[in-house]
Structures are given as C-alpha cells and as structure tokens.
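To start, the structure itself, in structure tokens.
Numbered from 1 within each chain, the chains take letters A, B, ... in sequence-line order.
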There are 2 protein chains.
Amino acid sequence: MVYSAAQLVRSRGVAATGVRDVVAHANAPRGSFQHYFPGGKDQLVGEALIWSGDFAAGWAAEYPATTRRPTPAGLFAHLVRQWRDEFTTRGFERGCPVMAGSADLAGGDSPVNDQVRAALARWHRAVTDQLVRMDLPRHRARRLATLMISTLEGAIMTARIQRSVTPLTTVVRELGPLLG
Amino acid sequence: MVYSAAQLVRSRGVAATGVRDVVAHANAPRGSFQHYFPGGKDQLVGEALIWSGDFAAGWAAEYPATTRRPTPAGLFAHLVRQWRDEFTTRGFERGCPVMAGSADLAGGDSPVNDQVRAALARWHRAVTDQLVRMDLPRHRARRLATLMISTLEGAIMTARIQRSVTPLTTVVRELGPLLG
DNA sequence: TCCACGTTATGACGTCTGTCATACTATGAC
DNA sequence: GTCATAGTATGACAGACGTCATAACGTGGA
C-alpha cells in the first residue's frame with residue numbers, strides 16, 4: 001500500500017494523489033486504510049517517502065558489487081543508470097518521489113516535510129558512505145554527494161519534461177571527468 | 001494574475017493551487033478570471049509557466065552586463081546567485097515553477113506539458129546562447145547548458161528540503177573548476 | 001436615450017477530497 | 001458457547017475544487 005502510494009506520488013504529485021486512488025491501486029479494501037494508517041494521508045505519504053529513501057540508499061549501497069574498481073564517476077553512472085533503465089523500459093510517467101514531495105510541500109509547513117528531509121538525508125548519507133569507502137575525506141565526500149544527487153535530480157526532471165534520456169547521458173558524460 | 005499564479009504554483013505545486021486562491025492573491029475580481037482565461041486553469045498555469053521561462057531566460061541574458069570577462073563558471077554562479085538571494089531574503093517557500101510543473105504533470109498527458117516543455121526550452125536556449133557567445137561550439141554549449149540547469153534545479157530542490165543555501169554554494173564551488 | 005460591449009458580480013452545479021462513524025465479518029482464547 | 005479483538009465494509013459528512021450560467025455594471029458611440 002505504501003508502495004502504491006509511492007508510485008502514484010511519483011507520477012502525479014502528492015496533492016493530486018488521493019487516498020482512494022491509492023487503495024484502489026493497491027487492490028486493498030478501503031476500510032483497511034483507516035485501520036493501518038490512523039494518521040491519515042500524511043502518514044501514508046510519509047511512509048511512502050521513507051520507503052523511497054531506503055530504496056535509493058539501498059541502490060547506492062549495491063554499487064561496489066557491480067564493479068571491481070569503484071570510482072566516484074562510476075558511482076554516479078550507477079545512480080543514473082537506474083533512471084535510464086526506468087525511463088527506457090517504463091516510460092517517463094514516474095519521477096522521483098523526493099522531488100514530488102519537495103515540489104508540493106517543501107513550501108508549506110506540512111508535517112510530511114520531516115519525512116522528505118529524512119528520505120533525502122538517508123539517500124545522501126548512503127552516497128557519502130560509498131565515497132568514503134573510496135578513501136575520500138568525509139567532508140569532501142559529503143560535498144560530492146550533494147553535487148551528484150543535485151545533478152541527478154535535475155537531469156531526471158529535464159528528461160521527464162523532454163521525454164528523452166539524453167539529459168541523463170549528458171550529465172554523466174560531462175560530470176564524469178570531474179569526479180574521477 | 002499570471003504572476004500570482006506563478007508564485008502560488010512555486011510554493012504549493014500545480015494541483016494544490018486553486019484558481020480561487022490565485023484570484024484572491026491577485027486581488028482580482030473572480031468574474032474576471034473566466035473572462036480573461038476562457039481556457040480555464042490550464043491556460044492560467046500555462047501562461048504562468050511561459051512567463052517563468054521568459055523570466056529565467058532574461059536573467060541568463062543579463063549575465064554579460066555583470067562582468068568584464070564572461071566565463072561558463074561565472075555564468076553558472078550568476079544563475080545560482082539569484083536563488084541564493086531568493087532563499088536568503090524571502091525564505092524557502094517558493095521553488096522553481098518548472099520543477100513544480102514537472103513534478104505534478106510531466107507524468108500525465110495534461111496539455112500544460114507543452115508549456116512546461118516550452119519554458120524549459122526557452123531557458124535552456126538562453127543559457128546555450130550565452131555559452132556560444134564565449135566561443136564554445138554550439139553542440140558543446142547545449143550539453144553544458146543541460147548540465148548547468150540540471151545541477152541548479154537539483155540544488156534548488158535540495159536547498160528547499162534542507163532549508164539551507166549550502167547545497168547552492170556547494171554545487172557552484174564543485175562544478176566551477178570543470179566549467180572553466 | 002438607446003444600444004452594445006467589455007468587464008465584474010454572484011450563485012449554483014456536480015464532483016472529488018480527507019475524514020469520521022458505524023456496522024459487519026472473521027479468527028482465536030477461554 | 002461466549003466474548004474480545006483485528007480487520008473489513010459502507011455510508012455520510014463538510015469542505016474545496018473547476019466550471020458554468022446569469023445578471024448587473026460601467027463606459028463609449030449612435
């Protein structure tokens with residue numbers, strides 16, 4: 001159910017995603033929603049965002065298993081690759097849940113902002129840890145992780161708007177040399 | 001009125017922004033909305049996005065007047081500076097309208113997607129032109145513009161989530177050396 | 001004065017939202 | 001059997017949404 005919520009939020013945004021849509025998408029009984037989510041919609045999308053943050057962090061953590069010589073550039077390419085695959089196989093319908101949450105509620109004072117922040121922090125931490133494993137000093141790893149995530153998110157946005165994966169390949173090609 | 005729409009979309013997203021809110025924010029009579037915007041909400045947010053794209057393009061075009069020796073890195077810093085000022089003086093309430101439009105409707109088939117695409121294209125074109133003026137070949141200028149805009153957008157998102165301008169200063173510091 | 005037209009005012013429509021209240025069914029303990 | 005409890009099923013609520021229909025208003029020309 002939180003998975004369904006995440007998918008719908010990714011494609012339509014937070015505000016446009018109704019709880020009725022989520023329960024229908026999850027083939028769940030409508031009465032179960034209020035039983036498992038007494039916190040209402042806020043709790044639902046909050047858990048969806050946390051789940052997404054964990055997923056992104058897990059994906060970053062899998063990078064060492066995909067190569068024999070890990071590099072920052074390779075890590076960035078690994079992060080981008082997931083989105084290129086997503087777009088090529090499933091189309092441009094779904095974007096990043098963190099961006100969706102940010103765009104819809106980062107301006108206000110919704111309690112879900114805590115979960116948006118937590119999801120991004122978890123993801124950022126995972127990327128940083130990978131860079132630290134490559135013997136980068138932690139403070140520099142943090143800055144590089146910020147750069148990577150920012151560029152990736154922006155490229156995701158651009159790619160979805162143009163409905164083309166070119167921005168993804170462009171940023172990985174242009175940013176790679178700097179990252180080493 | 002399209003200006004009010006842009007501001008509200010920037011802070012709350014497209015779906016969460018009601019036409020009633022817009023006319024109230026613009027101190028405009030409610031009956032005027034349907035007179036000037038017979039196309040309804042789609043037309044309103046569409047024009048708001050076009051307006052935003054023009055504004056961003058204009059900002060990019062102003063760069064040469066701010067320096068004696070234009071460089072790609074200086075241009076990027078110029079683009080980022082606007083957002084650092086926005087966040088420091090007006091807080092993190094308002095984000096980028098293009099991102100808001102992308103997050104809320106890029107997944108579906110809303111007719112407003114054309115305007116989102118147009119706004120991004122106009123902005124991208126303006127940045128590209130600036131790079132071409134620095135004697136970069138057009139095809140390379142296009143790629144660098146994609147990188148700049150993507151990184152900037154992602155940094156805006158990150159900054160708003162963390163409610164800190166640090167991501168902005170980080171990306172300009174890390175990306176600068178590569179851009180030259 | 002009269003009409004026409006651009007603009008504003010207001011009320012209502014149907015639909016959707018999130019949430020709540022209530023009743024039902026199952027399962028398991030004793 | 002009896003009872004409690006977890007889970008499910010509906011229906012209704014008040015409010016907001018986008019849109020439409022209609023009427024009133026102001027101003028300029030004939």
Could you check how far [atom1] of [X] sits from [atom2] of [N], rounded to whole Å?
{"X": "A:K41", "N": "C:dC20", "atom1": "NZ", "atom2": "P", "answer": "15 Å"}
{"X": "B:L44", "N": "D:dT19", "atom1": "CG", "atom2": "C1'", "answer": "14 Å"}
{"X": "A:L8", "N": "C:dG18", "atom1": "CG", "atom2": "P", "answer": "12 Å"}
{"X": "B:D21", "N": "D:dG18", "atom1": "CG", "atom2": "C1'", "answer": "12 Å"}
{"X": "A:F33", "N": "C:dG18", "atom1": "CZ", "atom2": "P", "answer": "8 Å"}
{"X": "B:D104", "N": "D:dC17", "atom1": "CG", "atom2": "C1'", "answer": "15 Å"}

Base, backbone or nothing for each nucleotide of nucleotides 5-11 of chain C, written B, S, -, heavy atoms under 4.0 angstrom, 5' to 3'?
-SBBBBB

Please tabulate, for the side chains in residues 100-113 of chain A, all donor-acceptor contacts under 3.5 angstrom to protein atoms that are two or more places apart in sequence or on a different chain.
unit_1	atom_1	unit_2	atom_2	d
A:D104	OD2	A:V14	N	2.8
A:D104	OD2	A:A15	N	3.1
A:S110	OG	A:V112	N	3.0
A:N113	ND2	A:L105	O	2.9
A:N113	ND2	A:G108	O	3.3
A:N113	ND2	A:S110	O	3.3

Residues in ring-ring contact (aromatic ring centres under 6.0 Å, His included) contact with B:W51, at least two apart in sequence or another chain
B:Y3, B:F55

Which pair of heavy atoms, one from B:H124 and one from B:T146, lies closest together, and at what distance?
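Minimum heavy-atom contact is NE2-OG1, 2.9 Å.
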
At what distance, to the nearest 0.5 angstrom, does NE2 of A:H78 lie from OG1 of A:T66?
5.5 Å

Gap between atom OH of A:Y63 and atom CD of A:Q130 - 0.5 Å precision:
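Those atoms lie 8.5 Å apart.
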
Classify the side-chain pair B:E47/B:Q43 by whether it contains a donor and acceptor separated by less than 3.5 Å.
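Per modelled atom types, B:E47 and B:Q43 side chains form a pair under 3.5 Å.
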
